[in-house]
Protein chains: 2
Amino acid sequence: MQIGELAKRGGCDAETIRYYEREGLLPAPARSASGYRRYEQAHLEQLAFIRHCRSLAMSLADIRRLLAYHQHPSPAPCDDINALLDAQIGRIHQQIASLQRLEQQLLTLRARCDAPHTVADCGILKTLEGAASGEGCVCHDAPSRD
Amino acid sequence: MQIGELAKRGGCDAETIRYYEREGLLPAPARSASGYRRYEQAHLEQLAFIRHCRSLAMSLADIRRLLAYHQHPSPAPCDDINALLDAQIGRIHQQIASLQRLEQQLLTLRARCDAPHTVADCGILKTLEGAASGEGCVCHDAPSRD
DNA sequence: TGCAAACCCTGTAGTTACTATAGGGTCAAG
DNA sequence: CTTGACCCTATAGTAACTACAGGGTTTGCA
C-alpha cells in the first residue's frame with residue numbers, strides 16, 4: 001500500500017509517517033520504480049503500536065524502547081518495561097495534581113470579578129497587579145494550604 | 001539594576017528576560033555606556049506580573065493582552081478579561097479530565113504485569129502488541145465507558 | 001599594573017512531536 | 001493531453017524557553 005492508505009488506516013497523516021521514518025520508529029519501506037514508498041501489513045502493525053502508545057501519551061523515546069523489546073523478545077526480566085509504565089503513570093499523576101492546584105488558583109482569581117465592571121476597575125486585573133507589586137495574591141496564598 | 005539582579009528578583013534567568021524583551025512583553029530598558037541593560041523598579045513589577053500569570057499557565061499571547069489592559073486601563077467593560085480567565089479555566093479543566101482518563105488506561109495496562117516476567121512474556125508488551133494487530137485493548141476498551 | 005572571575009552582549013541552534021509550505025514528479029481517467 | 005489526486009524532498013514553523021559560541025566589561029586582589 002502507499003503512504004496515503006497507511007496513513008488513513010493508521011489514523012494519522014502521511015507527514016507523520018515520514019517523520020516516524022526519519023526518527024527511526026518505522027523502518028524505511030521498499031520503493032516503487034518512481035520512488036513511492038510501498039508498505040506491507042507489518043508496517044501497519046508497527047504504526048498501530050506506535051499510535052497506540054502515543055494515545056497513552058508516551059514519548060517517542062519511550063516508544064522506541066518498547067519497540068526494541070518488541071523486536072527482540074528476550075528471556076531477560078521485564079522490569080524495565082514495568083518501570084517505564086510506572087514512570088509514565090507517575091508523570092501523569094503529578095500533572096493531574098498540579099493542574100488541580102492550578103484550577104483552584106484560577107477559580108479563586110476568577111471570583112474576584114463576578115459582576116460586570118470596567119477594565120479600570122476589574123478585580124481580576126487588580127489582583128494580578130497587586131501580586132506583581134509584592135502583595136500576597138489570593139490565588140497563590142489563599143486556597144491550597146498544603 | 002542589571003539583568004542578573006532582575007532575574008534573581010523575578011525568579012527567572014537572564015535569558016528569559018531577554019526573550020521577553022524580544023517578544024515585546026517587557027519594554028527595552030535604558031543601556032549603560034557599555035551596552036548593559038539597566039532596569040528600574042517598574043520593570044521588576046512588570047516581570048513579576050508576567051511570571052505570576054505564567055505560574056497560572058497563561059500563554060504569552062494572553063499575558064500580552066492582560067498587559068495591554070493593565071497599561072491602558074479603560075472605562076470599557078472588562079468582559080474580555082473575564083472571558084480570558086474562563087477560557088483558561090476551561091482548558092485546564094479539560095486537560096485534567098483527559099489526564100484522568102489517561103491515568104486509568106495506564107493503570108489498567110500496568111495491571112497486566114504484576115508479577116515479574118521475562119520480556120518475551122510481559123503482559124504489558126503483549127497487550128500493546130495485541131492492540132497493534134487489531135484486537136481490542138484493555139486500556140482503551142475496558143475502563144472509561146463514557 | 002596585570003590578571004582572573006563574574007558579569008554582560010549578540011546571534012544561533014536546540015527542545016517535542018509534529019504540521020505546513022514550496023517546488024517539484026507520477027499516475028489514472030476522461 | 002490535460003486535470004486531479006497522489007507522491008517526493010527539503011525547509012521552516014509551532015511554544016516558551018534553554019544552551020551554546022564567541023566575544024566585551026567590570027571588579028577585586030596581588
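All chains are named by letter (A, B, ...) in the order of the sequence lines, taking the proteins before the strands, and each is independently numbered beginning at 1. Just so you know, these numbers use all the heavy atoms, side chains as well, and skip hydrogens, waters and symmetry mates.
Take B:H52 and apply the ring-ring contact (aromatic ring centres under 6.0 Å, His included) test, not counting sequence neighbours, and it matches A:H140. Annotation: side-chain hydrogen bond (donor to acceptor under 3.5 Å, both in side chains) contacts of B:R54 (sequence neighbours excluded): none. Residues satisfying the salt bridge (Lys or Arg N to Asp or Glu O under 4.0 Å) criterion with B:E15, sequence neighbours excluded, are B:R18. Listed by chain and residue number, B:R65, B:R91 satisfy the salt bridge (Lys or Arg N to Asp or Glu O under 4.0 Å) test with B:D62 (two or more places apart in sequence, or in another chain). Remark: A:Y39 engages A:H43 in a ring-ring contact (aromatic ring centres under 6.0 Å, His included) (not counting sequence neighbours). Considering only residues two or more places apart in sequence or on other chains, A:S32 meets the side-chain hydrogen bond (donor to acceptor under 3.5 Å, both in side chains) condition with A:S34. For A:Y20, the side-chain hydrogen bond (donor to acceptor under 3.5 Å, both in side chains) criterion is met by A:R51, not counting sequence neighbours.
Taking CG from A:N82 and CZ from B:R112, the interatomic distance works out to 13.5 Å, rounded to the nearest 0.5 Å. Rounding to the nearest 0.5 angstrom, the gap separating the CG atom in A:L106 from the CD1 atom in B:I92 is 6.0 Å.
Around the CD atom of A:E23, the shell of radius 6.0 Å holds more than 12 heavy atoms that belong to other residues, nucleotides or ligands.
Straight-line distance from the CD atom of B:E21 to the P atom of C:dG11: 12 Å, rounded to whole Å. Rounded to whole Å, the distance from CZ on B:R18 to P on D:dT18 is 13 Å. What separates CG of B:L25 from P of D:dA15 is a distance of 13 Å, to the nearest Å.
Regarding contacts with the backbone of D:dC6, every side-chain N or O of A:Q2 stays at 4.0 angstrom or more from both OP1 and OP2.
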Where protein sits on nucleotides 16-23 of chain C, one letter per nucleotide: B base, S sugar-phosphate only, - none, heavy atoms under 4.0 Å: -BBS-B--
Shorter than 3.5 Å, N or O on both sides, protein versus nucleotides 1-4 of chain C: list them out with atom names.
none

Can you give me every donor-acceptor pair (side chain of residues 123-131 of chain A, partner residue at least two apart or in another chain, under 3.5 Å) with its distance?
residue : atom : partner : partner atom : Å
A:K126  : NZ   : A:D121  : OD1          : 3.3
A:T127  : OG1  : A:G123  : O            : 2.6
A:E129  : OE2  : B:H70   : ND1          : 2.7

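In this structure, of C:dT10, D:dC8, C:dC8, it is C:dT10 that holds the atom nearest to the side chain of B:R31.
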Could you go through the side chain to side chain contact (heavy atoms under 4.5 Å, CB included) check for A:I50 and A:C12 one step at a time? CA-CA 11 Å; A:I50 296 169; A:C12 61; over 6 Å; no
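The closest side-chain heavy-atom distance from A:Q105 to B:S55 is not below 4.5 Å.
One end of the helix from C:dT1-D:dA30 to C:dG30-D:dC1 points its axis 30° away from the other end's axis, with each axis taken from 5 pairs and the angle rounded to 10°.
Against DNA chain C, the stretch residues 32-43 of chain A makes heavy-atom approaches under 4.0 Å through A:S34, A:Y36.
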